[in-house]
Amino acid sequence: MANPKLKSVGKPSQNSNVIARRKPAAAVKTAYSPAEREEIFRRFSVQRPEPRGELEHSNPFTLVVAVALSAQATDVGVNKATRALFKVADTPEKMLDLGEERLRDHIKTIGLYRNKAKNVIALAQMLVDDFAGKVPETREELVKLPGVGRKTANVVLSMAFGQATMAVDTHIFRIANRIRLAPGKTPDEVEARLMKVIPKHYLYHAHHWLILHGRYTCKARRPECERCVIADLCKSPEKSWDVPAPLVELPPQVIGEAVE
């Protein structure tokens, strides 16, 4: 019996290659189109061309100390305590010479001051022992310092070293969720989404724009929508006004005298 002829299976041509279907990339969760996001941050940039953080500091060390002290405290309260402190201890070596007891006396008006004093002394000691007295310039190294978490590290990277980061504090977490710009259940989730939805050319200043917007306009208890420059674009369910405030540059910030 003759063997049945087998159908020849040739090699598929390049044009007939079977391409596995890929799942489309998940869209970043935001209520705004790219054009709307561009316009939001354009307006912020007009309102505050050079936004600044409101913690007083003179170098990377005093900045990292100030940010660490600001946890569960206001910038105004921290500034009042650190003005005298930084006059006598603006380097890790001087902070260690000051000692934990005298440091406590300087910061006793700040919440959790005892634990914070221990952390600052331990932070200064690690900087001297492991980093030659210099504040490191990477997040991985910064978060090793006592009392320094991801948020503090991101603030230092941005303000001291000019890196585009997103430090998610209570204001930014609230704003990202309230206006549905980058909603998330945790600060890390909000940070990751904000880094994706904010136009790259606005990313460096975005951290401060959002903080200041939340501190002075989109306030926690009652957002002042009538003073908001993005009122027409805002998609917050809490919005009470949809006519944007006049888009004008605000007066220069007076660091240390801001009212929270």
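Source: prediction; values computed, not measured.
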Any side-chain heavy-atom pair of C225 and D242 under 4.5 Å: no

Min side-chain heavy-atom separation H213-C228 under 4.5 Å: yes

Neighbour count above 12 (heavy atom, 6.0 Å) for K239 NZ: yes

Heavy-atom donor-acceptor pair, S70 side chain to D75 backbone, under 3.5 Å: no

Verdict with reasoning, D130 to K144, per salt bridge (charged side-chain N to carboxylate O under 4.0 Å, His left out): CA-CA 11 Å; D130 298 346; K144 294 178 182 178; over 6 Å; no

Heavy-atom side-chain proximity of D90 to N59 below 4.5 angstrom: yes

Minimum heavy-atom distance A153-V148, with the two atoms named: N-CG1, 4.0 Å

Closest non-hydrogen atom pair, V197 against A182: CG2-CB, 4.3 Å

Pairs flagged by side chain to side chain donor-acceptor pair (under 3.5 Å) wherever residues 192-204 is involved - sequence neighbours left out: E38-H201

Test item: L55 and N79 side chains (from C-beta on) under 4.5 Å apart, heavy atoms: yes

Nearest-0.5 Å distance, CD1 of residue I175 to CG of residue L212: 11.0 Å

Worked check of side chain to side chain contact (heavy atoms under 4.5 Å, CB included) between I172 and H207: CA-CA 8 Å; I172 290 184; H207 161 73; 3.6 Å; yes

Close side-chain approach of V64 and H57, heavy atoms under 4.5 Å: no

Enclosure of K134 NZ (heavy-atom neighbours >12, cutoff 6.0 Å): no

What donor-acceptor contacts under 3.5 angstrom involve side-chain atoms of residues 107-122, with partners at least two apart or in another chain?
{"residue": "K116", "atom": "NZ", "partner": "L69", "partner atom": "O", "Å": "2.7"}
{"residue": "K116", "atom": "NZ", "partner": "A71", "partner atom": "O", "Å": "2.6"}
{"residue": "K116", "atom": "NZ", "partner": "G111", "partner atom": "O", "Å": "3.1"}

Stepwise salt bridge (charged side-chain N to carboxylate O under 4.0 Å, His left out) check, R104 with E101: CA-CA 5 Å; R104 285 202 304 266; E101 185 175 347; 5.1 Å; no

Least distance between heavy atoms, R174 atom then C218 atom: NH2-O, 2.8 Å

Which residues share a ring-ring contact (aromatic ring centres under 6.0 Å, His included) with F41, sequence neighbours left out: F44

From CG (L85) to CD (E56), nearest 0.5 Å: 12.0 Å

Partner residues of R180 under the side chain to side chain donor-acceptor pair (under 3.5 Å) criterion, sequence neighbours left out: none

Non-hydrogen side-chain atoms of H205 and S45 separated by less than 4.5 Å: no

Smallest separation among heavy atoms of N177 and P183, with atom names: OD1-CA, 3.4 Å

R48 to W209 - nearest heavy-atom pair and separation: O-NE1, 2.8 Å

Reported CZ-to-NE2 distance for the pair R178 and H171, which is rounded to 0.5 angstrom: 11.0 Å

Pairing residues for H106 by the ring-ring contact (aromatic ring centres under 6.0 Å, His included) criterion, not counting sequence neighbours: none

All pairs passing side chain to side chain donor-acceptor pair (under 3.5 Å) where residues 151-167 contributes a residue, at least two apart: R139-N154, N154-E191

Minimal non-hydrogen separation, V128 against E93, with atom names: CG2-OE2, 4.0 Å

Side chains of T138 and E141, donor plus acceptor under 3.5 Å: yes

